[in-house]
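Read through the structure below, which is laid out as structure tokens, and then see the notes.
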Amino acid sequence: HLGLDENQQLLLFFGFIRKYKGLDILLDAMKVLKDDDPGIKIKLLIAGEYYDNAEAYKQQIKKNKIEDLVIERTGFIADS
């Protein structure tokens with residue numbers, strides 16, 4: 001339903017995106033992983049709705065140069 005490769009290894013951040021849930025820390029961790037292994041195959045799937053400033057997270061992704069490792073599905077996700 002999300003158009004993802006079945007064989008792609010994913011880390012999943014799921015749910016409401018709020019500051020106290022640590023997405024900012026996870027984005028920094030993705031940078032560390034990429035710095036340690038530039039050919040890293042794991043991607044981060046962010047699935048949920050922003051309840052914080054989405055632009056701050058997008059700037060962090062850009063600053064960390066991990067755009068190629070992040071998949072955003074940040075609209076409403078129905079239970080079904």
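Values below: all heavy atoms of this structure, side chains included; hydrogens, waters and symmetry mates excluded.
- Cluster membership check: Ile61 shares its hydrophobic cluster with Leu26, using side-chain heavy-atom separations under 4.5 Å among Ile, Leu, Val, Met, Phe, Trp and Tyr.
- Taking CG of Leu11 as the reference point, atom CD1 of Ile46 lies at 10.5 Å (rounded to 0.5 Å).
- How far CD1 of Ile40 is from CG of Leu69: 6.0 Å, rounded to the nearest 0.5 Å.
- The closest donor-acceptor contact from the side chain of Gln60 to the backbone of Asp24 lies under 3.5 Å.
- Looking at heavy atoms from C-beta onward, Asp36 lies in side-chain contact with Val32 at the 4.5 angstrom threshold.
- Taking both residues in full, the closest heavy atoms of Met30 and Ile42 are given as CE-O, 4.0 Å, listed atom of the first, atom of the second, then distance.
- The distance from atom NZ of Lys58 to atom CG of Asn53, rounded to the nearest 0.5 Å, is 10.5 Å.
- Among all heavy-atom pairs drawn from Asn64 and Leu27, the shortest one is ND2-O, 3.3 Å.
- Of all heavy-atom pairs spanning Asp5 and Asn7, the tightest one is OD1-N, 2.9 Å.
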Handout entry: Working for side chain to side chain contact (heavy atoms under 4.5 Å, CB included), residues Ile71 and Leu10
Key = CA-CA 9 Å; Ile71 302 167; Leu10 295 171; 4.0 Å; yes

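- Within the 3.5 Å criterion, the main-chain N or O of Lys65 finds a donor-acceptor partner in the side chain of Lys34.
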Practice task
Report the C-alpha separation of Gln8 and Leu45 in whole Å, then their side-chain angles, then the decisive distance to 0.1 Å, and conclude whether the side chain to side chain contact (heavy atoms under 4.5 Å, CB included) test is met.
Solution key: CA-CA 11 Å; Gln8 175 68 58; Leu45 173 59; over 6 Å; no

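- Sorted by first and then second residue, the ring-ring contact (aromatic ring centres under 6.0 Å, His included) pairs involving residues 31-54 (not counting sequence neighbours) are Phe16-Tyr51, Tyr50-Tyr57.
- The salt bridge (charged side-chain N to carboxylate O under 4.0 Å, His left out) test applied to Lys43 returns no partner, not counting sequence neighbours.
- Separation of atoms NZ (Lys21) and CZ (Phe14) is listed at 9.5 Å; rounding is to 0.5 Å.
- Contact record, Gly48 with Ile17: O-CD1, 4.0 Å, taken as the closest heavy-atom pair.
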